[in-house]
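Side-chain atoms are counted along with the backbone in the values below, which use heavy atoms only and exclude waters and symmetry mates. Residue numbers begin at 1 in each chain, while the letters A, B, ... track the order of the sequences.
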Amino acid sequence: MVWQGPLEKVSDYKFRIPKSYKQGMRVDGIIYANEKLLSDIKKDNAPEQVANVAFLPGIVKYSLAMPDIHWGYGFSIGGVAATDPQNGGVISPGGVGYDINCGVRLLKTNLTLEEIKDKIENIVNKLYQNVPSGVGSTGQIRVSKNEEEKILIEGAKWAVSKGFGVKEDLEASEDYGAISGADPDCVSERAYIRGREQAGTLGSGNHFLEVQTIVEIFDAKIAEKLGLFIGQIMVMIHSGSRGLGYQICDDYIRVMVQALSKYGINLPDRQLACAPIDSPEAKRYIGAMRAAANYAWANRQVLMHLVRETFQEIFLKSWQSLGMDLIYDVAHNIAKFEKHIVDGKEKILCIHRKGATRAFGPGNSELPLKYRDLGQPVIIPGDMGRASYLLVGTKQSEEETFASTCHGAGRVSSRSAALKTIDVNELLKELKEKGIEVRATGKKTIVEEAPSVYKNVDDVVDVVHKAGLSKKVAKLKPLCVVKG
Amino acid sequence: MAHCFIDNFQTIFMKKYKILEHTADIRIKIYGKTIKELFKNSAKALFDLIVQNKNEEDKEERKVSLEAMDLNELLINWLNELISIFYTYKFLPIKYDLDIDKNFKKLEASIKGIKFNPYKNKIDTEIKAATYCNLDIKKNKENFEVEIVFDV
């Protein structure tokens with residue numbers, strides 16, 4: 001199905017779906033994009049989902065979507081919506097996603113491309129060996145139920161307390177590596193069982209671990225403050241809450257679907273199932289969602305530790321002397337309670353970011369001191385053949401999109417189309433010619449995640465930069481990738 | 001003569017499902033002569049996607065009991081329950097014996113399958129859930145059919 005509805009041009013980078021489009025829309029929809037991206041956006045009918053989200057009780061200002069928008073569960077991927085708890089605002093698990101706190105972290109090194117260019121195969125082979133990845137993979141970490149409850153409360157702090165990293169890592173993370181208010185009692189037995197198997201694993205599909213090099217710097221001042229330079233070797237880790245998160249989402253979608261009639265909520269799509277924030281159903285979901293988010297942060301902390309250990313093994317130096325510090329960690333599937341200004345008044349709103357990243361601007365008190373002048377680092381993974389980006393958040397995003405920006409490139413082509421048209425050996429050869437080594441447990445994943453199935457991340461990042469939602473700092477090119 | 005025999009053989013076995021296009025996930029069309037068969041074929045399609053299993057033994061048994069507000073929700077709950085059991089209890093379903101009440105609000109099933117560890121054995125696709133996207137069980141002249149999108 002192709003989008004046939006209205007998309008009024010507000011500016012070069014903003015397009016509006018007026019609330020008159022569909023009876024029941026409480027606010028307009030706004031999609032950040034440019035003309036080039038718009039034709040792909042219409043093709044999978046994702047704007048219909050932006051219109052549907054506008055039905056949510058208590059929604060504030062707009063139903064938003066970022067330029068990497070594509071069809072998702074209830075909310076589109078790239079969807080952002082703020083609801084007001086004091087005005088009957090709801091929370092919707094579809095606005096968070098199955099992979100709760102799917103997110104990404106970026107660490108730097110003091111190594112240069114020159115120094116490692118002959119070692120890339122060795123690096124990727126060792127990473128593939130040391131970091132558990134792949135469909136249904138299990139990790140080396142075995143925890144009891146009590147210990148698992150601690151992970152759900154303490155997040156990355158738990159990992160650090162067990163020797164997987166240092167406390168400085170926690171400062172460089174959204175929510176300092178653990179969000180408060182997680183409630184392990186709201187997590188089902190099944191979620192616990194699934195989580196136990198998969199702590200410290202990379203996962204599959206679009207999850208990955210990438211060694212990259214900085215190829216371009218857009219803001220020399222910020223780059224210098226972050227200790228970045230051209231040719232620098234960086235590592236990016238993209239992973240989420242694994243089976244624990246999926247089970248929690250499943251459990252609570254069922255609860256919320258049943259609660260719709262109880263609260264008299266009418267929605268055009270059952271997948272937007274939600275409940276008022278102050279309801280018992282919503283409170284339980286929030287407690288469980290935060291637990292899953294913390295599990296994902298603990299997971300990424302452990303994965304980072306395994307990467308540091310691998311580099312130590314290869315370079316025979318400590319990770320500290322290799323300068324492997326964490327730049328930042330961001331979530332891109334989550335719902336947060338944040339202070340935002342609405343009509344001149346400060347309010348606490350529930351911000352759903354489903355395939356969207358928080359992008360606080362300079363001066364925001366939520367940021368660690370070292371980033372308060374710069375703005376929050378925003379990490380945007382691209383696809384494995386092209387580039388990823390580091391940006392910083394802006395005051396403008398706080399004003400326009402509840403401090404939200406894109407999260408990645410967004411798909412344009414289906415997995416089945418990819419499997420039909422792309423030959424894995426040709427693809428691997430092409431990537432190798434570009435200097436990119438790939439390791440994955442399944443050839444199918446490589447094909448399904450081929451660069452051509454994604455929008456060009458350059459276009460997506462260009463839009464958020466020109467729209468003023470985030471500011472480009474550096475462009476990173478992949479050197480080797482471990483995929484699930 | 002051999003050719004004719006093969007053609008007849010194939011027409012007896014009606015197509016159970018077909019894989020369609022979808023941008024980010026997997027979309028499948030399921031067919032069934034009855035609602036029960038539709039539910040069974042949906043489960044078969046799901047696990048054919050997840051794992052290539054040639055093992056027809058079915059030493060383990062599990063019971064499933066579900067409720068829903070309508071038939072579409074019952075189908076989604078059925079498939080998501082099977083996914084959850086697979087990953088939680090490492091149980092791969094093979095044969096289904098199910099009962100759906102006449103109001104389409106309750107399902108009872110007895111499932112035979114095998115122990116299968118998805119964390120130690122190769123699986124093809126990690127399916128997170130069955131979604132409501134375009135879900136609408138329809139009856140046409142010959143059979144029931146439904147399109148299901150699985151979140152991958």
Closest non-hydrogen atom pair between A:Y98 and B:A130, with its separation
OH-O, 4.3 Å

For the student: nearest non-hydrogen atoms of B:S84 and A:R194, plus distance:
CA-NH1, 4.0 Å

Interchain contact, B:I127 with chain A, by part (heavy-atom threshold 4.5 Å):
neither

Counting only non-hydrogen atoms closer than 4.5 Å, does B:N77 touch chain A with its backbone (N, CA, C, O), its side chain (CB onward), both, or neither?
both

If we only count heavy atoms from C-beta on, is the B:E126 to A:R242 side-chain gap below 4.5 Å?
yes

Is it the case that atom NZ in B:K106 sees more than 12 heavy atoms from other parts of the structure closer than 6.0 Å?
no

Inter-residue atom distance B:M69.CE - A:L260.CG, 0.5 Å rounding:
6.5 Å

Hey, is NZ on B:K59 packed in by over 12 heavy atoms from elsewhere, all under 6.0 Å?
no

If you take all heavy atoms of B:T88 and A:I193, which pair is closest and at what distance?
O-CG2, 3.3 Å

Is B:K128 positioned over the aromatic face of A:Y246, cation under 6.0 angstrom from the ring centre and no more than 45 degrees off axis?
yes

To the nearest 0.5 Å, how far apart are OH in A:Y73 and OG1 in B:T131?
6.5 Å

Under 4.5 Å from a heavy atom of chain A, the part of B:I76 involved:
neither

Under a 4.5 Å heavy-atom cutoff, which of A:R254, A:K43, A:E189 has the most pairs with chain B?
A:R254

Kindly compute the distance separating CD (A:Q271) from CG (B:D151), expressed to the nearest 0.5 Å.
9.0 Å

Rounded to the nearest 0.5 Å, what separates atom CD1 in B:I83 from atom CG in A:D250?
7.5 Å

Considering residues, nucleotides and ligands other than B:N140, do more than 12 of their heavy atoms fall under 6.0 Å from its CG?
yes

Hey, are the side chains of A:R190 and B:Y87 touching, using non-hydrogen atoms and a 4.5 Å cut-off?
no

